[in-house]
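For the numbers below, each heavy atom of this structure counts, side chains included, while hydrogens, waters and symmetry mates do not.
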Amino acid sequence: MHTFCVWGPRAGAVSLVLADGSRPMQRGDGGWWRLEVAEAGHGTEYGFSVDGGEAMPDPRSGWQPVGVHGVSRVFDASRFGWSDGGWGGRDVRGAVFYELHVGTFTAEGTLEAAAGHLDYLVALGVQVVSLMPVAAFPGRHGWGYDGVDLYAVHEPYGGPEALQRFVDQCHGVGLAVCLDVVYNHLGPSGNYLDAFGPYFTGKHTTPWGPAVNLDDEGSVEVRRFICDNALRWFRDFHVDALRLDAVHALVDDSPQHLLAQLSVETAALSAELGRPLGLVAESDLNDPRMVEPVAEGGLGMTAQWSDDFHHALHTLLTGERAGYYEDFAQPGVFAKTLTQVFLHDGSYSTFRGKEWGRPVDPVRHRGSEFLAYTSNHDQVGNRALGDRPALTPGQLAIGAALVITSPYTPMLFMGEEWGASTPWRYFTDHEEPELAEAVRTGRRREFAAYGWDAGEIPDPQDPETWRSSVLDWAEVDRSPHRELLSWYRDLLALRARTDELRDDRLGSVDLTYDVDGSWLVVARGALRIVVNLSDATDVVPLDQAPQDRVIAYGDAEIVAEGARLAGHGVAIYAV
C-alpha cells in the first residue's frame, strides 16, 4: 500500500502513470492531488501527468533510477537497518571538516568507494565529512549544483540507500556527516517543477535564472518543499548538518526569512531526535546576523563559511592580487581576518564597488561560528584551469598551520592534506547539445574577460576534464606528499589534545608580523606558531624565549633572537 501525492495547484487534472497505465488522482485541499494504490510500495516505478501531458518525475521523488528525465521509483527510507543507535551526534562548531566530492574522491566515484577511506579520514583527524551535493543532477559527472530532483540521491553515486549506508558507516567510526544542499536555484535540464506549480517567481532573479518562489503567490508550499527536504536528510538519512549553498541568493521579502524558518524547524527536530543538528551557510554578505539566534533577530545558522579569511590567507601565500583578491594585499589584512573574521565589515570593497558587510562582535560571537580554509571546491574549481594553489610544500604546510591553529572551525578540501597534484576542474555531462554548447562557450567567455585564451579553458563537457580531477591516491606514499600528510596529521593531533588551540574566543588569538611580509607569529596561549614566509632561512623574533619546539615543518632551531626557520618553514613553540 502506498499513497501517491503531488502539489499541482494550477492543474485541471493529474494522473498517476504506472507500468500498467494511467490512473486519475483526486484533488484535495491546497492544490494537492492524491491516490492510494494497494499494490504499490518500495520499488514501484511511476510518474505524474498534468492535464494529459507526458509523464514527469515526482517533484519529491526519492529515487531516480535512470536519471532526471526518467521514471521515479518509490523509496521507503524506513527499510534501512541502522546500526548507529549509539551515535549521539556532534556539534559541528569547532569540529574538523573535510569537504569531498563523491564523483572525484575515488576512481570509482561512488559512496561505497568513498566509505573505503573513512579509516584514513579518522587517522587524519577529521571529525565531519562534508559531502558536496548528491541530489540527482543531469548526466553522470558534475559538481551537483545543477540538481533538479532535490529529494533523490544521484544514482551513479549509488542511489538513496547508498547514502544511508555511508552515513551509518561514518557514524560507526565516529564521523559526523554534513550534506551540501542547493535551495537557491535548480538546474535547467530535467527541471519539471514549473509544470506542477509556482516554484519560481518573476519578482526576483538570481545569477542562475528565475528565483525560487519564497515570497510570492504559492510560496507557502514552496517553502514547505524546501524545509521538508532539509528535515528529511536529518530524519531519514541521519545526516548531522547541512551546508546551504549561496544563501545570499535566497531572495525573500517575507516577514520570516526562509533561513529563520528552517532554523526554527531544525531546532525542533533536534530536540525530538535528541541530537544536535547543524546548518552551515555559504554567504557572501559578511553579515554576522547570519549566525545570530532567530529570537534575537538573526537567521539562526549554526555557522558560516568565511571567504575573507581564505582570500587573506591565499594572498599572503601566493601573492595574487587580481579580482576579488585586490583588497587583501595590504599588510595587516590577514591579521584582521584572523582576529575579526571579516576584512569587509562596513569598509569599501573594490571588487563590489560599494561598502560591504558588518563587524563581528567578539563578545557576542565565537570563532567556531565561522569556517576557515586554504581551499574549497569553489576557490579551486572556479579558477580558469581548476588549478590548486601553486605553492611549495612549505607554503602548503604554513597554510595548514594557520587554519588548524586558528580560533575558527577548520575545513580541508579533499587532497590538500597531501598537496594533491591533480586539479579540480569545472565539469558537466549534459545530454542536450544546445545546453552543452552554452555551458562550454559561457565558461570560455567568462575567463576571456580576464585575459585568458579561450583555447586554454578546459571544456566542461570533455570527459577528460572530469577524469583529470579524480584524486590520485597513489601520491600519499610518495615524497613530498607523504611528508605533508604527516604534517597535517601532526597538526590535527596537536589541536585535538591542546585546549589553547581549540579556544574559539576571538580574543584568544594575537598576531605579530613583519611589515615587509617575510614572517609572522601567531600567539595561542603559551604556544607560538612561527612562520617564515620568505624562501630563505630567516630568524623570526619572539615576544618570549621559547622553551620547547612542539612540531615543525622544515629545519627550525631556537637562537638568541628567537627562532631560525628554513625558507617557507613553520614551527610551533611553547614559551
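- Applying the salt bridge (charged side-chain N to carboxylate O under 4.0 Å, His left out) rule to pairs touching residues 256-271 yields Arg224-Glu265, sequence neighbours excluded.
- Here Asp361 pairs with nothing under the side-chain hydrogen bond (donor to acceptor under 3.5 Å, both in side chains) rule; sequence neighbours left out.
- We find the CG-OH distance between Asp180 and Tyr145 to be 3.5 Å, quoted to the nearest 0.5 Å.
- Salt bridge annotation for Asp284-Arg352: present, with a cationic side-chain nitrogen under 4.0 angstrom from a carboxylate oxygen.
- Residues satisfying the side-chain hydrogen bond (donor to acceptor under 3.5 Å, both in side chains) test with Glu369, not counting sequence neighbours, are His365.
- Residues forming a ring pair (Phe, Tyr, Trp, His ring centres under 6.0 Å) with Tyr325 (at least two apart in sequence, or on another chain): His311, His314.
- Taking the side-chain hydrogen bond (donor to acceptor under 3.5 Å, both in side chains) definition, one finds that Arg10 meets it with nothing, sequence neighbours left out.
- Partners of Glu296 by salt bridge (charged side-chain N to carboxylate O under 4.0 Å, His left out), not counting sequence neighbours, listed by chain and number: Arg364.
- For the pair Asp287 and Arg289, the salt-bridge criterion is not met [side-chain N within less than 4.0 Å of a carboxylate O].
- Applying the side-chain hydrogen bond (donor to acceptor under 3.5 Å, both in side chains) rule to Asn376 yields no partners; only residues at least two apart in sequence or on another chain are considered.
- Residue pairs meeting the ring pair (Phe, Tyr, Trp, His ring centres under 6.0 Å) criterion with at least one partner in residues 201-223, sequence neighbours excluded, are His185-Trp208.
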Audit row: Phe413, His377, ring pair (Phe, Tyr, Trp, His ring centres under 6.0 Å) steps and yes/no: CA-CA 7 Å; Phe413 179 56; His377 75 272; 7.2 Å; no
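- Among residues two or more places apart in sequence or in another chain, the salt bridge (charged side-chain N to carboxylate O under 4.0 Å, His left out) test is passed with Arg440 by Glu437, Asp459.
- Between Asp429 and Arg140 there is no salt bridge, since no side-chain nitrogen of the basic residue lies less than 4.0 Å from a carboxylate oxygen of the acidic one.
- Figure legend: Arg60 and Trp7 shown without cation-pi pairing, the cationic atom not lying both under 6.0 angstrom from the six-membered ring centre and within 45 degrees of its axis.
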Worked verdict on Phe309 versus Phe370 for ring pair (Phe, Tyr, Trp, His ring centres under 6.0 Å): CA-CA 10 Å; Phe309 179 91; Phe370 304 92; over 10 Å; no
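- Screening residues 194-203 for side-chain hydrogen bond (donor to acceptor under 3.5 Å, both in side chains) gives Thr201-Asp216 as the qualifying pairs, with residues at least two apart or on separate chains.
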Under 3.5 Å, which donor-acceptor pairs do the side chains of residues 326-337 form with other protein atoms, sequence neighbours left out?
residue	atom	partner	partner atom	Å
Asp327	OD1	Thr350	OG1	2.6
Asp327	OD2	His344	NE2	3.0
Asp327	OD2	Thr350	N	2.7
Asp327	OD2	Thr350	OG1	3.4
Lys336	NZ	Leu343	O	3.1
Lys336	NZ	Asp345	OD1	3.2
Lys336	NZ	Asp345	OD2	3.3
Thr337	OG1	Phe334	O	3.0

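- The salt bridge (charged side-chain N to carboxylate O under 4.0 Å, His left out) search around Asp236 returns none, not counting sequence neighbours.
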